[in-house]
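These notes are about the structure you will find just below.
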Amino acid sequence: MSADWGSFFNVTGARSSLDEPARDKVENTSGDDELVEPDQGNVLSHIISQLRPGADLSRVVLPTFILEPRSMLERITNFMAHPETLLPMSTIDDPLERFISVVKFYLSGWHIKPPGVKKPLNPILGETFTCYWDYPDGTRGYYISEQTSHHPPKSSYFFMAPEHNIRIDGTLKPHSKFLGNSAASMMEGIAIVRLLNHGEDKEKGERYIVTQPNMYARGILFGKMKYELGDHSYVRCPENNLVADIEFKTKGYFSGTYNAIGGTIKNEKTGEVLYELSGFWNGDMQIRDVHSNHKDTLFDASHAKHTPPTTRPIEQQGERESQRLWENTVKAIIARDHEVATDEKTKIEDRQREEAAKRAEHGVEWHPHLFRPVHGGPGGPDEGEEDLDWIINADVDSHNPERARQQILAIAPILEGQPLPPIPEIPPHHPPAGQGAAPEQAHTEAAETAPHTDPPAEVPNPTPAQGLH
């Protein structure tokens, strides 16, 4: 019995994160990598005036016409936008076949990108984005994210499909550099995919640790601008001694082709290669059994249709939620009004600088609202997950889907109609010494605000959807 994931379309009454007609034109499944904006020539003087080889791009103001009209926190949802590859993972009994399904899921989202070369908006400190997916069997997947650091940038996220025993925790740490005629985003950080109905640890489940390829914008000074994924990324399941080493190949000066991948799946303990991977991350990706020499399509992105998530209406969102925060900037980017886009973007960035100055003045260290530091090391509750840095600050039941749903919806508003929680000031109130609480106590109480974890009194129920076929 399986759901017809491939034919499912998100048609719920709430707002899709891409349901504005103008915005739909910007989003694309594969994109024309060489699409050039009329203003591209202006990027030369704009960037050259600020950069030297090896310079940190996170400190550079980029022209708005090369910006994607959404925040990085929202762009991360591309990772979960193919339910037809996501949901079957936990249903597979054979460990090797299950690992292959995780690799398929991992590779299925890279084709989702806007046309041309676009960079998502840099989230500001404390920015949040939440959304959900309705699945054909009447269940849902929930996503919560927060910008947990600004310098260096860290985007932390949590996803769970409780009825399908799938949870994902991740922190993305992009580190950008200018490399002559190219700009590179070195995508540090990891995600941990947990299949909660498998594995020896019944609370953490069977864990798959994944990294990301790096991203390159070629031709930013001369020639045609081109988007490439490059370098090695890994999918690793320590419990089953399996690892996929996937190379996203960049085109050489005189040979090679764009968008190619290659790689192997092997037993990490014995070193035995079991499968080889080949193809194109925006096209047909194939897997070959090295013993039988049988080759098959793993995933074909050529005409794949992804499922964008649904968000609450903007008027119900808090002022630090991505879509409301960047609303005016995004509208101007889509309208190609670069002067207004730059002004609106500058207002947000200036506000962030003012908040940082106030924190420094009051001696306040800011802490995320929805995520907590990872407690790793030998014997720690998060042992082996140290590279996450931050993890959702709530207990979520691994085996009771209804209780998990209630706990997730208590962390932050996700569904239409959920009330907004009180948000701490940034910086939080810090009473002068001698007035009220001691400075140390005031700092701790104000900065380390934990989200409410008890189930809310009333939570909207999922809209009934088409049943399994």
Side-chain angles (χ1 to χ4, degrees), residues 10 12-28 37 39 61-78 81 112-116 118-133 142-148 150 153 155-157 172 308-356 368-370 412-426:
N10 191 343
T12 59
R15 180 178 183 274
S16 164
S17 66
L18 293 171
D19 64 1
E20 301 166 41
R23 193 167 179 161
D24 272 336
K25 295 177 183 177
V26 176
E27 182 68 13
N28 194 359
E37 291 271 3
D39 297 311
V61 179
L62 296 176
T64 56
F65 57 80
I66 64 170
L67 293 177
E68 182 178 356
R70 59 175 177 166
S71 169
M72 175 62 85
L73 295 180
E74 185 173 353
R75 189 180 191 180
I76 291 170
T77 62
N78 291 355
I112 307 169
K113 60 181 291 296
K118 300 287 184 181
K119 178 184 183 298
L121 294 161
N122 290 330
I124 66 169
L125 190 64
E127 179 181 332
T128 64
F129 177 77
T130 68
C131 62
Y132 64 95
W133 287 262
Y142 304 94
Y143 173 85
I144 298 171
S145 61
E146 181 176 13
Q147 190 69 6
T148 47
H150 185 63
S155 302
S156 299
Y157 56 95
L172 182 63
T310 300
T311 61
R312 293 157 28 251
I314 282 184
E315 59 270 18
Q316 293 185 18
Q317 296 182 20
E319 64 176 20
R320 231 175 173 86
E321 293 189 59
S322 297
Q323 291 183 345
R324 181 176 170 188
L325 176 71
W326 296 103
E327 182 180 16
N328 293 336
T329 306
V330 165
K331 286 180 177 178
I333 291 172
I334 292 172
R336 296 189 177 181
D337 190 335
H338 304 309
E339 184 175 347
V340 171
T342 299
D343 289 345
E344 293 296 332
K345 181 170 171 284
T346 300
K347 289 177 187 177
I348 295 170
E349 293 165 344
D350 286 346
R351 171 186 168 186
Q352 182 171 224
R353 282 188 280 270
E354 291 169 3
E355 291 170 349
H369 180 55
L370 306 178
I414 302 175
L415 304 181
E416 184 172 2
Q418 281 191 265
L420 288 172
I423 301 297
E425 297 176 55
I426 297 181

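Positions are given from 1, in the same order as the sequence printed here.
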Checking [X] now: which residues fulfil side chain to side chain contact (heavy atoms under 4.5 Å, CB included) with it, not counting sequence neighbours?
| X | value |
| --- | --- |
| P120 | E68, M72, R75 |
| E319 | R324, R351 |
| E344 | N328, T329, V340, K347 |

Distance, nearest 0.5 Å, that separates [atom1] of [X] from [atom2] of [Y]:
| X | Y | atom1 | atom2 | value |
| --- | --- | --- | --- | --- |
| Q316 | L415 | CD | CG | 10.0 Å |
| N122 | L73 | CG | CG | 10.0 Å |
| I414 | T310 | CD1 | OG1 | 12.0 Å |
| I76 | F129 | CD1 | CZ | 10.0 Å |
| L67 | K118 | CG | NZ | 8.0 Å |
| W326 | I348 | CH2 | CD1 | 4.5 Å |

Compare every heavy atom of [Y] with every heavy atom of [X], then report the nearest pair and how far apart it is.
| X | Y | value |
| --- | --- | --- |
| P123 | S155 | CG-OG, 4.2 Å |
| S145 | L370 | O-CD1, 4.5 Å |
| G126 | R320 | O-CD, 3.6 Å |

E339 atom CD, over 12 foreign heavy atoms within 6.0 Å: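 Incorrect, the count does not exceed 12.
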I124 backbone acceptor or donor facing E127 side chain under 3.5 Å: yes
Heavy-atom donor-acceptor pair, E321 side chain to G318 backbone, under 3.5 Å: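 Here the side-chain-to-backbone pair exists.
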Step-by-step side chain to side chain contact (heavy atoms under 4.5 Å, CB included) determination, T311 to Q317: CA-CA 9 Å; T311 61; Q317 296 182 20; 4.2 Å; yes
Close side-chain approach of P313 to E416, heavy-atom, < 4.5 Å: yes
Side chain to side chain contact (heavy atoms under 4.5 Å, CB included) evaluation trace for Y157 with T77: CA-CA 9 Å; Y157 56 95; T77 62; over 6 Å; no
Side chain to side chain contact (heavy atoms under 4.5 Å, CB included) between R312 and T130, intermediate numbers included: CA-CA 8 Å; R312 293 157 28 251; T130 68; 3.6 Å; yes
Results of salt bridge (charged side-chain N to carboxylate O under 4.0 Å, His left out) for E146 - residues two or more places apart only: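 E146 satisfies salt bridge (charged side-chain N to carboxylate O under 4.0 Å, His left out) with no other residue.
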Partners meeting side chain to side chain donor-acceptor pair (under 3.5 Å) with T148 (sequence neighbours left out): S156
Residues which pass side chain to side chain donor-acceptor pair (under 3.5 Å) with Q352, listed by chain and number, not counting sequence neighbours: H150
Test side chain to side chain contact (heavy atoms under 4.5 Å, CB included) applied to T128 and I144, step by step: CA-CA 8 Å; T128 64; I144 298 171; over 6 Å; no
